[in-house]
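Here's the structure, in C-alpha cells; my notes come after.
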Amino acid sequence: MQMPMYKMKLRILVVVQTIFAIAFLHFTTTYGQSNADTYTEIMQLGQGSVGAITWSPNGQFLAVATHYGIQLYTATFQKYQHLTFPTALTQGSPLRIDAIAWSPSGDRLAASGGGEQSDNVFHSFVQIWDASTLNPIVFITDVYSDKYMFAWHPDGTQIATTSLGVKIWDAAGGTLITTFETAATSTAVAWHWSGDILLGVTSTTVYLWDAVSGSIQFTLHTPDGGYYSLAWHPDGSKFALSHYEKIEIWEIGGTEPIAILQGHVGQVWALAWHGDLLASTALDDTRRIWNTNSNQLIKTEDNLDWAAFVTWKPDSTQLAFADTKAVVIWSDPAWQTIASLGDYTTAFAAVTWSPNGSKIATANHAIQLWNVLNGELLATFGDFGVRSVTWNASGSQLAATDGSRIQIWDITNMNLVLAIPTPVVDIAWHPNHAQIASISKDGQISIWDAITGQAISILGVHPELSSRITWSADGNLLAILGQESVSIWNVAQQTLEHILSPVSPQLIGLSWSPIGADLAIINGISVEIWNATAGTLTVKLINQQGTPLTAVAWSPRGTKIMSGSIEGQILVWDITTQAAHATLNVHKGNVTGLTWSPDGEKFGSVGLDARLNIYQVIPTLPPTDLRALYAAYNSAPITPVLHPSVVIRNHGNTPVPLSEVRLRYYFTRDGSADLQASCTFIPYYPNGVLPDIIPEPQACASSVIVETGALTVPTATADSYLDLRFTDGTLPANGYTVQYILSVNKADWSAFQQTNDYSFSAFGTYPLPAWDKITLTRQGAAVWGAAPQ
C-alpha cells in the first residue's frame, strides 16, 4: 500500500503559535522559584464581539471587525484572513470598534473605535490597512471618548470623523486638515459622491457643509432630538435620516421631508442604500428593507437580536446584518437568510469543564459547547441570556439559568429536556446525583429533582442578597455566597452549620477544595481559605499587586488555587507555600470565570473581553542530566499515524554515548493490526530562532532504530510502546540531539484514538518542553520520566 503523502511530506512545527489552527498566539513562561510549574497558552477561542461589517467594493470580501481584529470572509463566506490591530491599540482595555469601511477604490481598509491605550488615556482611533499586503499603514488618533464613526472621501484622499463637530484628516499621512464645528457631539458623517458636500448629524441638528470652504450650506433642526444616523442616496439627490423610530427622506435645501418611512418602534440605528432600496435596523430588534420609489416596506424580520450594522454587497444581491454575536446574510430575491457567520461572542459570564475532560461549556448570551481537543465550537444553544451553567456527573447534560428558569439540555442532540420556571441567580448540579441546588436573589436555597423537575426541598434562606451556590466535593455541604457572609448548609440534615463572616467583606466568588472541607472565598484583594467544618479562617492569600479579585477555582488535586482579577490577570497560588508563583496576563478587563480540567493538566478562563483561553500546565520535573523534550507533531484526536516529535537533552557536563540511551513513547494500539514504525529528523533550534529556510525532514541514519512492542502489563492508557534507540553517536555535554519525528501506523492504516494514549499531549510549543510521560533509560536504568502503571 502506498504511503500517505502527508507522511512523505512532514513539515516542521509551526513556530510562534500553537499546533492548533485556531490559536492566535502562545507564550511559555516560567515564574517564581525554580520549582514552579510552566503555563503554556494553547488556545484562544472565540473571536470577540462583532463591532462592524462592510463589503469590499468588488464584492469579493466581507470584513467583520471585532476588538481582536478583522476577519475577512470570501464571497462564499469562507474565512480568508485575519488582520490584527497594532500593539499600540491592544495593550490597554478591550477596543471598542464603531465602524469599518473600504476605501472607494478598494485598495485600503479602515476601522475606527476607541479604547484605553498603553498610556492609560482613552483614545479614539482610525487604523488603515493596505488591502493588498494586509499591513497597517496609517494610524489616526483623537482624544475623544464617544462613538467614533468615519467616512472616506470619494477619491480616498481624506477621512471625516465624528467628534465635537466633524474632523477632516489626510488619509495618507494621518494629519488633521480641518474641523467643522457643531454645537454638540456628532453621531454620523457622510460624503456626497462629488466630494464637495459633507453631511454631519448631532442629536438635534443636521449640518450640510461645503467641503472645500467649510461653510454651512444647510441645516435641519429638531428641538426634541432623536436624530442619529444618515446616508446619501447613491445618486446624491437625497439622503435618509433616522429620527427616533422614523426614517425621513430629505432633498438638499428642503423644508419638509419628501417621505417618512414608519414601522419601527425603537430608535432607528443604521441605514444603508443600494439604488432605491434602503435597509434599516432599529433598537426594536427588527431588520427591514424599503422601496423608496413606492415608500413600501418589502421585507421585515422581527424578534431578532438587535443589529447595529448593515451593509449591501455591491451587486445588490446580498445584504449583511451584524449584531454583537453573529453576521447574518440575506439574499435576493426573497431576502431569505442564506448564511450566518458565528463564533462571535459577548462577554462570558461562566465557564465549566466537562467531567470527562473533552469539552468546555461557556455562558453569555447562550450556552456554547467547545471541543477542548481541537478548539471547535460544537454548538450554541439556549439563547436566553445564560448567566450560569453546570454539568451533571456523567457529562451527558448541562443545566443553565437566565435568572427566571432552570433549563436542562441533553448535549448529545442539544435538545431541551426539562425547564423549571423559578427565579434563581445561580445553580449547581450535585457531584454524584440527579439533583440541582439553586439560590434565588433573596437567598432561598432549593433542591430540585433534575429528572422530574420537582422541588425536593427548600433548604433554608441565606440572610442577605446572594449570588453564588456550590456543592462540596462529597456532596454533603452547600456553600452560599452573600454580600457579606457565606453560609454552610448540611443538606442531608437540612441544617445551617456555619455562617462565615470575613472582615471588611467584598465577597465575589468561592470554590470548594476537592479534598477535605476547605472553602476558598474571594474577599477583595485576597483569597481566604476557611475550614467549613470548624467555621474558621485558616489561610489568607493576598494579591500583592493590590487589584481586586473576581474569580477563583481550586485545582482537582487540591494543591493549587487560581484567582482572576479585574485587570485580566490570573494568579496561580501554591497551597503549600501560600504564595502566588505565577502571574498570567490573560484577559483585558475582568476575569469572569475559571475552570480546571479534571486531570489538572489544563485550565480555562473567560472574561469580559469575550475570550475563552486554555492553558497547559507543564509540571516542573526533578533535576536529571537527561531529559526528553516532546511535542505532538500531529495533534488530531483521531489519526492513522502517530507522530511524536522528540529531542533528548543532556544537562550534564560530560558527553553521553547514545548507544547507552533508549527513549520510549507509550500508546494504545486500538486494534490488532501489525504496527509499522519509521523515523525522520530535522535540526533542532533550542533558542527558538529559526533560519529563513527550514530543511526538509530527512530519513534517519541506520544507526537510529525505531521499533514498536507490547507492554507485558497493559494499562487503560497504554498497551504498546514506540522505542527510539541508537547503535552509535554521542550526545554532547549541555547539548541536544536533532529533532526526531517518529511515526507509527497500522498495516491496514486504520485510525488511532490518540487522546487516550499515555504519552500523548496536544501541546506543541517551540522550543519543545520537557515531558515526563516519555521515559529515558541509560544502560537499562531509568533516568527520566514515569512509565504508565
Side-chain angles (χ1 to χ4, degrees), residues 13 28 30 34-35 37-38 601 616-633 642-668 675 677-686 700-701 703-715 717-744 754 757-761 763-789:
L13 288 164
T28 304
T30 301
S34 61
N35 64 344
D37 293 341
T38 301
E601 294 181 0
Q616 179 81 38
V617 182
I618 305 175
T620 298
L621 302 168
T624 181
D625 284 350
L626 296 181
R627 293 190 181 187
L629 314 183
Y630 161 80
Y633 198 93
L642 304 181
H643 279 317
S645 182
V646 298
V647 172
I648 302 173
R649 181 179 182 184
N650 179 9
H651 280 269
N653 295 322
T654 58
V656 174
L658 281 172
S659 59
E660 299 177 358
V661 179
R662 182 187 296 250
L663 177 147
R664 180 165 290 185
Y665 178 93
Y666 302 89
F667 63 96
T668 52
L675 298 175
S678 62
C679 168
T680 57
F681 76 94
I682 54 177
Y684 183 60
Y685 305 93
C700 291
S703 60
V704 180
I705 299 173
V706 180
E707 55 195 5
T708 62
L711 290 177
T712 305
V713 182
T715 70
T717 58
D719 55 27
S720 303
Y721 59 81
L722 180 63
D723 269 4
L724 171 68
R725 61 186 178 88
F726 311 86
T727 59
D728 60 29
T730 301
L731 179 55
N734 297 300
Y736 302 79
T737 65
V738 295
Q739 182 173 339
Y740 294 103
I741 303 166
L742 310 182
S743 302
V744 60
Q754 33 177 11
D757 290 350
Y758 176 80
S759 294
F760 172 76
S761 180
F763 66 83
T765 57
Y766 202 94
L768 276 58
W771 186 235
D772 70 340
K773 290 189 176 181
I774 293 175
T775 60
L776 291 175
T777 58
R778 183 175 180 184
Q779 294 181 327
V783 296
W784 173 261
Q789 297 180 354

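When all heavy atoms are compared, the tightest approach of Leu626 to Arg778 is CD1-CD, 4.3 Å. Closest approach of Glu707 and Arg725 over heavy atoms only: OE2-NE, 2.8 Å.
With rounding to the nearest 0.5 Å, the separation of CZ in Arg627 from CZ in Arg649 is 7.0 Å. Here the straight-line distance linking atom OG of Ser678 with atom NE2 of His643 works out to 7.5 Å at 0.5 Å rounding.
Asp625 has its side chain out of reach of Val783: every pair of non-hydrogen atoms, C-beta onward, lies at least 4.5 Å apart. Looking only at side-chain heavy atoms (C-beta outward), Lys773 and Ser761 stay at 4.5 Å or farther from each other. Residues Cys679 and Leu742 meet the side-chain proximity criterion, which asks for heavy atoms closer than 4.5 Å. No side-chain heavy atom of Asp719 sits under 4.5 Å from any side-chain heavy atom of Leu711. Looking only at side-chain heavy atoms (C-beta outward), Tyr684 and Thr737 stay at 4.5 Å or farther from each other. Side-chain contact between Phe681 and Val704 is absent, with no heavy-atom pair separated by less than 4.5 Å. In this structure the side chain of Phe667 reaches within 4.5 angstrom of the side chain of Leu642, judged on heavy atoms. Counting heavy atoms from C-beta on, the side chains of Ile648 and Leu663 come closer than 4.5 Å.
The backbone N or O of Asn653 sits nowhere less than 3.5 Å from a side-chain atom of Asn734 that would complete a donor-acceptor pair. A donor-acceptor pair under 3.5 Å is formed between the side chain of Thr715 and the backbone N or O of Thr717. Although no hydrogens or angles enter the test, the distance criterion places a donor-acceptor pair under 3.5 Å between the side chain of Trp784 and the main chain of Trp771. Although no hydrogens or angles enter the test, the distance criterion places no donor-acceptor pair under 3.5 Å between the side chain of Asn650 and the main chain of Gly735.
For the side chain to side chain contact (heavy atoms under 4.5 Å, CB included) with Val646, the qualifying choice from Ile741, Ile774, Leu629, Leu776 is Ile774, the only one to do so. A side chain to side chain contact (heavy atoms under 4.5 Å, CB included) with Val706 is found for one member of Asp723, Leu722, Val744 and no other, namely Leu722.
With 3.5 Å as the limit, one finds a donor-acceptor pair spanning the side chains of Tyr666 and Thr775. Neither side chain, Asp728 nor Ser659, offers a donor N or O lying under 3.5 Å from an acceptor on the other.
Ring centers of Tyr665 and Tyr740: at least 6.0 Å apart, outside the cut-off.
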